[in-house]
Amino acid sequence: MGAIVGVHGIGKYKYYKAAGCSATGAADAMRLKWDRYLHAALGKAGSREAAYITEVAYFAHLLRDGRDDGDDETPVPPERMDAGTQRFFVSWAKEAGLGEQLTGALSAFTGWLLRRPAAAAFALRFVPEVATYLTDEARRADCQATVAEVIRRNRPKVVIAHSLGSVVTYETLWANPDLDVDLLITLGSPLGMRNVVFEHLLPAPINGRGERPKGVRRWVNIADRHDIAAIPPQLAGCFTGVDLEQLVNLDWLDFHTVEKYLGCGVLNDHLRPYLA
């Protein structure tokens with residue numbers, strides 16, 4: 001069976017704490033969950049004894065500031081974010097279509113979030129982690145080194161990258177041209193998000209377009225139509241080399257979790273050739 005490596009998204013520091021501040025323990029716990037989600041989706045097509053996911057590259061602890069008193073179940077409200085993170089927050093809110101009035105008025109967006117608890121919990125985790133990754137070069141390099149090491153060691157045929165993990169994976173594959181992947185699947189990816197992620201990518205887009213990493217033979221992008229992290233949900237307008245785009249309807253309340261993406265069945269046809 002061809003190896004499949006996963007790269008997680010935001011809000012996964014809780015796995016690190018639950019594993020006694022062990023990145024290896026956190027990665028093992030996530031691998032078991034990802035595998036369970038795929039087994040549920042594949043049904044009779046998959047053997048219950050098979051381990052579909054070889055490893056999940058774990059990097060969430062690298063985006064923390066060294067304190068261990070934080071709890072990622074208690075996201076930071078906008079008024080307590082530093083100025084740089086607030087700028088990311090406002091830019092993201094504008095891309096989500098929440099209006100120009102948000103400029104210099106974080107309270108307006110806070111009010112909007114209070115009426116949408118699920119969106120609020122997600123948004124207040126998403127922005128700080130994305131901002132930290134894109135603005136702290138040392139942590140950015142550490143995250144990429146972790147993902148590169150997992151891919152290099154496992155030599156997977158398939159890499160499934162979710163949420164912020166798709167950004168880390170994209171940059172990692174570009175930074176390490178020796179890494180060779182048959183299929184890259186991005187789930188709920190913010191790679192194309194203008195004024196938040198896209199312009200900050202390395203390598204920088206040329207003439208407004210990014211490009212599929214050279215070591216990737218095929219790129220499939222999957223996004224929920226209403227996923228507020230995947231703006232725009234389709235990446236072909238921003239990147240050359242996206243072979244297939246699939247829009248799905250997951251859950252208007254639970255629109256971004258990897259459980260919903262892996263469990264909805266849309267990956268099945270893409271993965272079956274590698275599960276023989």
Side-chain angles (χ1 to χ4, degrees), residues 1-12 14-16 18-19 23-60 122 146-147 150-151 153-170 172-173 179-189 216-225 227 229-230 233 235 242-251 253-276:
M1 181 169 64
I4 301 175
V5 158
V7 186
H8 71 76
I10 65 156
K12 305 308 178 196
K14 59 187 177 183
Y15 288 91
Y16 183 72
T24 299
D28 288 344
M30 293 199 67
R31 187 199 67 79
L32 290 172
K33 281 200 169 185
W34 281 43
D35 220 46
R36 187 165 69 249
Y37 302 151
L38 277 183
H39 274 296
L42 286 160
K44 294 181 180 179
S47 164
R48 284 316 225 178
E49 290 74 33
Y52 295 147
I53 303 294
T54 306
E55 187 172 353
V56 172
Y58 185 81
F59 61 85
F122 168 77
T146 295
V147 173
V150 170
I151 295 175
R153 175 161 40 81
N154 289 282
R155 301 179 65 186
K157 296 290 187 182
V158 181
V159 173
I160 303 173
H162 175 235
S163 185
L164 176 59
S166 68
V167 179
V168 182
T169 301
Y170 176 88
T172 298
L173 292 170
L179 299 180
D180 191 40
V181 176
D182 268 5
L183 175 61
L184 172 63
I185 300 177
T186 49
L187 304 175
S189 175
V216 175
R217 293 184 181 85
R218 190 164 180 263
W219 182 359
V220 173
N221 179 57
I222 298 168
D224 179 81
R225 298 172 191 275
D227 190 336
L235 296 179
V242 180
D243 295 281
L244 180 65
E245 306 253 32
Q246 289 184 264
L247 297 183
V248 294
N249 292 304
L250 297 178
D251 187 324
L253 287 175
D254 194 9
F255 48 80
H256 187 68
T257 62
V258 75
E259 178 179 5
K260 292 292 184 179
Y261 275 111
L262 294 179
C264 73
V266 72
L267 279 75
N268 292 7
D269 288 343
H270 303 299
L271 295 180
R272 282 193 181 100
Y274 301 96
L275 301 180

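Asp243 places a side-chain N or O within 3.5 Å of a backbone atom of Trp219 that can act as its donor or acceptor partner.
Ile4 has its side chain within reach of Leu275: a pair of non-hydrogen atoms, C-beta onward, lies under 4.5 Å apart. No side-chain heavy atom of Val220 sits less than 4.5 Å from a side-chain heavy atom of Leu267. With contacts defined as side-chain heavy-atom distances shorter than 4.5 Å, the pair Leu42/Tyr52 qualifies. Using a 4.5 Å heavy-atom cutoff, the side chains of Tyr261 and Val266 are not in contact. Under the 4.5 Å side-chain criterion, counting only non-hydrogen atoms from C-beta, Val150 is not in contact with Phe59.
Of all heavy-atom pairs spanning Ala229 and Gly188, the tightest one is CB-O, 4.3 Å. Summarising the geometry of Ala3 relative to Arg155, their closest heavy-atom pair is CB-O, 4.4 Å, with the distance given to 0.1 Å. Across all non-hydrogen atoms, the minimal contact from Ala161 to Thr169 is CB-OG1, 3.5 Å. Taking each heavy atom of Thr54 and Arg31 in turn, the nearest pair found is O-CD, 3.2 Å. In plain terms, the two heavy atoms of Ile151 and Pro156 that are nearest each other are O-CD, 3.2 Å.
Residue Leu38 holds its CG atom at 6.0 Å from CG of Leu271, rounded to the nearest 0.5 Å. Interatomic distance, CG of Asp224 versus SG of Cys264, reported as 9.0 Å (0.5 Å rounding). The line from CG of Leu262 to NZ of Lys260 is 12.0 Å long, rounded to the nearest 0.5 Å. Distance CD/Glu259 to CG/Leu250: 11.0 Å, rounded to 0.5 Å. Taking CG of Leu183 as the start and OH of Tyr274 as the end, the distance is 5.0 Å to the nearest 0.5 Å. In this structure, CD1 on Ile53 lies 6.5 Å from CH2 on Trp34, to the nearest 0.5 angstrom.
With sequence neighbours left out, the side chain to side chain contact (heavy atoms under 4.5 Å, CB included) criterion links Ala19 to Ser22. Residues satisfying the salt bridge (Lys or Arg N to Asp or Glu O under 4.0 Å) criterion with Arg153, sequence neighbours excluded, are Glu55, Glu149. In this structure, Asp28 has no salt bridge (Lys or Arg N to Asp or Glu O under 4.0 Å) partners at least two apart in sequence or on a different chain.
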Would Leu173 and Val159 satisfy side chain to side chain contact (heavy atoms under 4.5 Å, CB included), going step by step from the backbone distance to the final call? CA-CA 11 Å; Leu173 292 170; Val159 173; 5.8 Å; no
Determine, step by step, whether Leu244 and His270 satisfy the side chain to side chain contact (heavy atoms under 4.5 Å, CB included) criterion, reporting the C-alpha distance in whole Å, the side-chain angles of both residues, the deciding distance to 0.1 Å, and the verdict. CA-CA 11 Å; Leu244 180 65; His270 303 299; 3.3 Å; yes
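Screening Leu184, Leu187, Ile185, Leu235 for a side chain to side chain contact (heavy atoms under 4.5 Å, CB included) involving Asn221 leaves a single residue, Leu235.
Under 3.5 Å, the side chains of Thr186 and Ser166 contain no donor-acceptor pair of N or O atoms.
Aromatic ring orientation, His8 versus Tyr58: tilted (interplanar angle from 30° to 60°).
Comment: Arg217 engages Asp180 in a salt bridge, judged by a side-chain N to carboxylate O separation of less than 4.0 angstrom.
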